[in-house]
Amino acid sequence: EQPSPSPPSTCGSTHIPDVTHLRPGEDLGLRCDYGLLFGAAEADGLFRQLEDEVEYFEGELTKLHVFGKWHSIPRKQVTYGDPELTYTYSGVTFSPKPWIPVLNRIRDRIALHTGHTFNFVLINRYKDGCDHIGEHRDDERELVPRSPIASVSFGACRDFIFRHCDSRGKNATRHIKPIKLQLAHGSLLMMKYPTNVYWYHSLPTRKRVLAPRINLTFRKVMTLAGK
DNA sequence: CTACTCTCAACCTC
DNA sequence: AGAGGTTGAGAGTA
């Protein structure tokens, strides 16, 4: 059940990263590829540009009702994407802001390396190690069935935990070890079908992390024709 | 309509 | 510091 590293890439180009394929020995439905998509210098520039140009949601879109109390979500969030698309997360429907050049540039690089085109991106900014997100699956109904999600990270390296749905909490029916990754500056994690059917993921708090991290999850959202 | 499942973050213990 | 259990109103589903 441990992730098994893939053989080294046979492609020698400096523009094509080595990729680790995350596949437990037993087929538990985890289908992910992880690798660096941007070199350090380019990632530094993109991070600064994202910090300058991305505008996060404010007001009601940042609040969450949990166990009888209202909380501000412990991170900043915003969506960008094609016009007319909508996306619902925890009962809140987001309208995407129109694409800006830095996001198009990242989206195009992902397309070049994976062959996948995305029409929507959810951006989460974690200002330090106290910002986090709880266990969840990206299984929203608006997503194109079986479409992959491309998760790109900039800034502070953070731990990222996958946990199998049958091994959660005290009602767990199986003992499957969580899979822990470090999502590095400039990295790409491709989460492919059926990962999000069986595996929850979270970004836990890490008190010793003091720097911000920006994560972009590119998605394929169904258009009206597909709904 | 009913009744059942799932979700989110903070607080607490260890 | 981190892992895991406990708290419920609202949304969705069969």
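Numbered from 1 within each chain, the chains take letters A, B, ... in sequence-line order.
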Query raised in the report: Given that A:His65 and A:Lys69 both sit by DNA chain B, which one's nearest nucleotide is further toward the 5' end?
Result: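 Taking each residue's closest nucleotide, the earlier one in sequence belongs to A:His65.
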Query raised in the report: Do the non-hydrogen side-chain atoms of A:Arg158 and A:Leu203 ever get within less than 4.5 Å of each other?
Result: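 When only atoms from C-beta onward are counted, A:Leu203 and A:Arg158 do touch, with a gap below 4.5 Å.
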Are [X] and [N] close enough that a side-chain N or O sits under 4.0 Å from OP1 or OP2?
X        : N     : value
A:Arg137 : B:dC6 : no
A:Arg168 : C:dA3 : no
A:Lys180 : C:dG2 : no

Closest listed nucleotide, where the reference is the side chain of [X] and the choices are [options]:
X        : options              : result
A:Lys207 : C:dG8, C:dG2, B:dA10 : C:dG2
A:Arg208 : C:dA1, C:dA3, B:dA10 : C:dA1
A:Arg141 : C:dG2, B:dC8, C:dT13 : C:dT13
A:Arg163 : B:dC8, B:dA10, C:dG4 : C:dG4
A:Tyr200 : B:dC6, C:dA3, B:dA10 : B:dC6
A:Pro74  : B:dA9, C:dG4, C:dT6  : B:dA9

Query raised in the report: How are the rings of A:His164 and A:Trp199 set to each other: parallel, tilted or perpendicular (split at 30° and 60°)?
Result: perpendicular
Report task. Quick one: sort the A:His201 and A:Phe160 rings into parallel, tilted or perpendicular, breaks at 30° and 60°. Result ->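 The arrangement is parallel - the two ring planes meet at less than 30°.
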Query raised in the report: Taking any strand in view, what nucleotide pairs with C:dA1 in a Watson-Crick or G-U wobble way, both distances under 3.5 Å?
Result: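 Because no pair has both required distances under 3.5 Å, C:dA1 counts as unpaired.
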Query raised in the report: Is the NZ or CZ atom of A:Arg168 both under 6.0 Å from the centre of the six-membered ring of A:Tyr200 and within 45° of that ring's axis?
Result: yes
Round to a whole Å and report the spacing from [atom1] of [X] to [atom2] of [N].
X        : N     : atom1 : atom2 : result
A:Asp159 : C:dA1 : CG    : P     : 15 Å
A:Leu64  : B:dT7 : CG    : P     : 13 Å
A:Glu140 : B:dT7 : CD    : C1'   : 11 Å

Query raised in the report: Can you name the one residue among A:Arg137, A:Arg31, A:Arg146 that meets side chain to side chain contact (heavy atoms under 4.5 Å, CB included) with A:Asn196?
Result: A:Arg137
Query - Upstream residue (5' side of DNA chain C) when A:Phe67 and A:Thr88 are each assigned their closest nucleotide - result: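 Upstream on the strand: A:Phe67.
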